[in-house]
A.B. asks: 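Sharing a structure below in structure tokens format, with a few things to ask.
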Amino acid sequence: MTSTEYVMTQEQQGIFNYRPLNMVITAPAGCGKTEALAYRAKGLINRYDFAGNGRKLLVVSFTNQAKDNISERIKKHIGLQTMRQHVTVCNFHGLSARIINAHREMIGLDDEWTVASFDWIGRFMQSLNCDRKVKMQAREALQKIKLECLTDKEVKAKIQTIYGQVGNLAQIIEKERIKEKIITYDDQIRTALWILQNKNVAKLYRNHFFAALVDEFQDLTHQQLRLVQALCKDRVTFAGDLAQGIYSFAGGDARFVFHEITKNTEKQVKLLKSFRSSPAILDAVNSLSPRTGSEHLSAAFPEHWGNGGLSSYASFNREDAEAEWVVRMCQLILERCPEHRIGIISRTAFRAESVKSTLKSHNISYADWGNGLFRPETAKILRNICDELSVESCKEPEELMSFIKKRYTAFHGNLSEEHEDACGWLFDRLAQSDASSIAEVKRCINAKKGNETIATRKGIHCLTGHAGKGQQFDWVFIVGLEEGTIPFYKAKSEEAIDEEARVLSVMISRARIGYVATSSSTNPRFWYSRNASSFLRYLQHAPNFLFGKDQIELWCAEADWTALSQM
């Protein structure tokens, strides 16, 4: 029996049967949240009388990977035809783009306005000759303003209250955006809400969607919550986990959202038994609860896990020694369990560079989640565009996106949403490069096999803690368990440090069987000493926690790898 083979639990049966259209489901990682949402979708669709009215169930997630995951689960329960006929699955920005493209004239935007599929602000700022710090501060100020539900006129007024160089630059960026008629990533949800202030448009969508499911409620901004409520009012099922709220930097406000979605909701369901992770992983997650606020988790099938899994930590003097050992341990695991997936996860992308360099030096293939994974024909076109850029030299930023789209259209003939995204990815990577590094960008273009995604590939994966949220690996190596890395050096308040603990908890809970956290006492970039993370003292209180690489290697030497390979 694998950790994913289980019948509907009593709690999930209750979720399936509940007839009112609003509900709140709280479920930590691995506790069957996605499956519960799929059962909820099936129950709602089975009971609803469509009677040819064309109404649909709206399912909203944050990322394309999460969207694909929930789509597959729902499809498994209701079938492809019913899925196509009665369910709309999208992420928040995709949903906003649909509303904008369908009703932009309601707020005075003509057909020349474009919803950008690339980092327009980054591109424009590259053309400006000013201090990098001022650029970053201006961008952050614009992002903060545009998290409010404002019209363009109100945005302009807010920007004028910012003084100094930052305010001047923010005004220049916004003026150019209006001139070029661009709706950036930061503008999309704000603009959709602006459109939905029109009562007729809002009524149209409320009639179209009879109910909604929203995944990961703890990551919602005030804006995203208002968007869902504007479309479906209180006919919404929210699912998530307060202890996984790690997006405050992007405007996420877990406690406010939880208060708002529960104050008028009669049905709240808690799922606290894990179908994913070993007791060792759950003990580690539980040990962090004084800082994360998580409730106590237990394994749904503890007898399934043999010796209970691996929870451990090892320290090193240098990052290169740490990297060599992590890579060697990954090789050991894959020699014994070639079908397993290993996540090498770091709080920040640069902290894992030593591990990536070591993997490359040993000619070990790995999936870098900063790279792109595309359909073979798309990957081929993007590589061809890179070849042309290598010959012609890298274009100026203001010309680059136009060049990419023109060449893509020449190769393919049209630009669907998927192709727009691919062009946007290539632009973002090239805009940060120069002619000498185009070959490296080209190497980052990967072709998928069949319907695979980067999240389903076997072998070794390198990613950050935020990118890995919602994903699953058999084993996890957490690189950089140090003060200044996690908790991050910018986390000064108790609230910020609590969120860093939640980031660590999320990284640990990606694992099914075992995790190893590592640290290096020397920073090779600045040659100063580092201390182990303050979070280590919590992990050490977890039952059967192993300290030191010798204990970890002994555990591996004594492990039943045949049994582990079948888990």
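Just so you know, these numbers come straight off a predicted model, no measurement behind them.
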A.B. asks: Does a donor on one side chain sit under 3.5 Å from an acceptor on the other, for Q471 and H461?
C.D. replies: no

A.B. asks: Under the side chain to side chain contact (heavy atoms under 4.5 Å, CB included) rule, what do H77 and Y39 come out as? Steps first, then yes or no, please.
C.D. replies: CA-CA 7 Å; H77 289 296; Y39 285 132; 3.3 Å; yes

A.B. asks: Looking at K270 and E295, is any side-chain nitrogen of the basic one under 4.0 Å from a carboxylate oxygen of the acidic one?
C.D. replies: yes

A.B. asks: Do F92 and F62 have ring centroids that are under 6.0 Å from one another?
C.D. replies: yes

A.B. asks: Taking only residues two or more places apart in sequence or in another chain, which ones pass ring pair (Phe, Tyr, Trp, His ring centres under 6.0 Å) with W561?
C.D. replies: W475

A.B. asks: Given side chain to side chain contact (heavy atoms under 4.5 Å, CB included), test T26 with V269 step by step and report yes or no.
C.D. replies: CA-CA 6 Å; T26 56; V269 180; over 6 Å; no

A.B. asks: Does D320 come within less than 4.0 Å of R318, counting only side-chain N to carboxylate O?
C.D. replies: yes

A.B. asks: So does D215 pair up with K67, basic N to acidic O under 4.0 Å?
C.D. replies: no

A.B. asks: Any chance NZ of K76 has more than 12 other-residue heavy atoms, nucleotides or ligands included, within less than 6.0 Å?
C.D. replies: yes

A.B. asks: Tell me, please, which residues at least two apart from D253 pass salt bridge (charged side-chain N to carboxylate O under 4.0 Å, His left out).
C.D. replies: none

A.B. asks: Sequence neighbours left out, what pairs pass side chain to side chain donor-acceptor pair (under 3.5 Å) with at least one residue falling in residues 328-339?
C.D. replies: R328-E553

A.B. asks: Between R255 and E260 (salt bridge meaning N to carboxylate O under 4.0 Å), is one present in this structure?
C.D. replies: no

A.B. asks: Salt bridge between R291 and E494, side-chain N to carboxylate O under 4.0 Å?
C.D. replies: yes

A.B. asks: State plainly whether the residues K273 and E11 are in salt-bridge range, i.e. N to O under 4.0 Å.
C.D. replies: no

A.B. asks: Answer yes or no: is there an ion pair linking D474 with R512, defined by an N-O contact shorter than 4.0 Å?
C.D. replies: yes

A.B. asks: Is there a donor-acceptor contact under 3.5 Å linking the side chains of S520 and E322?
C.D. replies: no

A.B. asks: Of the non-hydrogen atoms in P28 and D241, which two are nearest, and what is the gap between them?
C.D. replies: CA-OD2, 3.3 Å

